[in-house]
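I have placed the structure first, in the form of structure tokens, so that the comments after it can refer back to it.
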Amino acid sequence: MPRLSSYLLPTEKQAPADAEAISHKLMVRAGLVRQLGAGLWTYMPAGWRAHENAAQIVREEMDRIGSQEILMPVLNPAELWQRSGRYEIDEVFKLQDRKGAEMVLAMTNEEVVTFHVASLVRSYRQLPFSLYHVQTKERDEPRPRAGLLRTREFIMKDAYTFDRDRAGLDEHYERFRGAYDRIFDRAGLEWYRVESDVGMMGGFGAHEYMAPCAAGENDVALAPGYAANVEVASAEPTAVELPAPRDAPEEVPTPGLTTIAEVAGKLGLPEGALLKAFPVIAEGRGLVLVVVRGDHQINDIKLTNALGTTFRPAREDEFAQRIGPPGSMGPVGADVPVLLDDAVAPGPYVTGANREGLHLRGVEPGRDFPFKRGDVRRVEPGDTVDGHAIRIEPAIEVGNIFKLGTRFSEPFGATYLDENGAEQLIWMGSYGIGPARICAAAVEQFADEQGISWPRSLTPFDVHLVGLGREGTEERALAERLYEELCEAGLDVIYDDREDVGPGGKFADAELLGCPLRLTVGKRSLASGEVEAQVRRGQESRALPLEGAAQAAVDLWQTLA
RNA sequence: CGGGGAGUGGCGCAGUCUGGUAGCGCACCCGGCUGGGGGCCGGGCGGUCGCAGGUUCAAAUCCUGUCUCCCCGACCA
């Protein structure tokens, strides 16, 4: 166990000027990590200990559900990626070897693992099983950010399940879900498991594990018994008070008013009493007019899912003829299919009249224009799920589990012969966790003004022993003895035996580094026969009798989070 | 990729507008004091001012180009 006098823990009083996120500032200040370039980080000894603590929890829980650890190369032949179709992804690093052969740096390992499994599995008797590895991932991110939260190179545990059929995959998936729940509990994080979008990979279901924190990149919609990424979240909209119905749409002059807010203000109506119209070009389908309540916003991912295809906003020259001028568009009389958001209740609305400076009031969906329904809006705080209002919080994704299906077994010919001798595709799932993000999320969630406050399971060291006496003093000898005893008692100890740092500096560094328990030995200990023990989280102090202090520290340690 | 900001010693910064021999705090080295909350005194080391080109008697400073990093957005297995 290290003595700080000879340990590389490069703490800093000031954070790097360009750091914004709490975890970015503190992990650098505490001497855990150093930056090499955009999204490229080196772990210092203490930082690597925390990282490996997280990785070890993951390994234990993977082993526990019978997953087998392997190791696959980062450097892959490009041919595999061309076969899966993922070679086209911009984030894949591409390179050539000296012979000019195309290579890629793996961002995950579906191609490689499926390539092997395709050649190794012949019979249904060999299924199911799962493999995992903990390996460096490379991604040419468009924008690395926030220290360790989004990097171009990082270590990830990725696991792959192989089953005979969809039911087997479902069962396997549940087992991984249980393991993931345990991992994040053990890591000491506050976390949510949320429904997530299956994205461009297709698939049969996916969940993300989200750790709420200020620097998070994702928004999560939360209500009692409900948690979903806002990318896919659905909720009951708040009610909106609509005006009295009319027999037919009625024109209202709105010269110069082109925004929802302006029109609503002029007519004295809530924004939700208006309908907002967005023309989009759906891939392969052409122009579609998407209509949502005036106070709602389109969610691109949900709209993509509702359309069943990708889309882009239409340009004015594409919609002006068939619909109307921007600022006064509406579904009535539009010569295009209308996709009406589910949150639009029946009733009379104000819409654009498709003529400059003119709106319509009393417009009723169905009576005045034909439509198809779809859930395409972004949920808003205050919407309800089962009667409970949702709130929206930022969070960082720390893990994800994903039912791949046969997305990779098809191109790689990963098949087996069933009981009847018929060839069947293997059903796959993939499961990722980033230990670095677990650590960064823990820093984000539990930091205070003084620095980091590690959960017991992740901390680089269990106990931070501060020795205040100098070489040759009696209190120094006492600290040395306690250090030995703590190590013998099985605790990981970092011992601050530095001669050239005063008490203030030592305490400040201890709080910055954030080990759960700090023990201080100085002259006072000699006088009182006691050692000061301070619990990092909450910074409560108590005195431990010198006699048996190591065991008392172990006991206290057991009670910590 | 769009918008904004920044590159001056290990960290944080001033100096740039108005060109004239590069400075401050912290850290570091030496000596001394101090020793339960980043302490004090004295003496030191360390910088081709991101890079390249140009203007000029003279460039950290002006001009051109370029690289890098950060933030917001887009993007994101």
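Remember, it's a predicted structure, so these values are computed and weren't measured experimentally. Proteins come first, then strands; the chains are lettered A, B, ... in the order of their sequence lines, and each starts at number 1.
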| Taking only residues two or more places apart in sequence or in another chain, which ones pass side chain to side chain contact (heavy atoms under 4.5 Å, CB included) with L526(A)? | E474(A), E475(A), L478(A)

| How would you list all residue pairs meeting side-chain hydrogen bond (donor to acceptor under 3.5 Å, both in side chains) that involve residues 21-38 of chain A, not counting sequence neighbours? | E12(A)-R34(A), S23(A)-E444(A)

| message | Short of 4.0 Å, heavy atom to strand atom, which residues of residues 172-184 of chain A count as contacting RNA chain B? | response | none

| message | For L425(A), give me all partners under side chain to side chain contact (heavy atoms under 4.5 Å, CB included), at least two apart in sequence or on another chain. | response | T406(A), S409(A), E410(A), T415(A)

| query | By side chain to side chain contact (heavy atoms under 4.5 Å, CB included), which residues pair with P545(A), not counting sequence neighbours? | reply | none

| task | Any pair with a residue in residues 493-518 of chain A that passes ring-ring contact (aromatic ring centres under 6.0 Å, His included), sequence neighbours left out, goes on the list, sorted by first then second residue, please. | result | Y483(A)-Y495(A)

| message | For residues 502-512 of chain A, which residue pairs pass the side-chain hydrogen bond (donor to acceptor under 3.5 Å, both in side chains) check, not counting sequence neighbours? | response | T11(A)-D509(A), R498(A)-D509(A), E511(A)-R518(A), E511(A)-Q539(A)

| query | Among all residues two or more places apart in sequence or in another chain, which pass the side chain to side chain contact (heavy atoms under 4.5 Å, CB included) test with D219(A)? | reply | V230(A), R378(A), I392(A), P394(A)

| Does anything in residues 152-162 of chain A pair up under side-chain hydrogen bond (donor to acceptor under 3.5 Å, both in side chains), and if so which pairs, sequence neighbours excluded? | H133(A)-D158(A), K137(A)-D158(A), K157(A)-Y180(A), D158(A)-Y160(A), T161(A)-Y431(A)

| note | For N400(A), the side chain to side chain donor-acceptor pair (under 3.5 Å) test, sequence neighbours excluded, returns none

| remark: Ordered by number, residues from residues 17-25 of chain A within less than 4.0 Å of RNA chain B (heavy atoms) are A17(A), D18(A), E20(A)

Distances for protein N/O vs nucleotides 25-27 of chain B N/O pairs under 3.5 angstrom?
from: G25(B); atom 1: N2; to: Q14(A); atom 2: OE1; distance (Å): 3.3

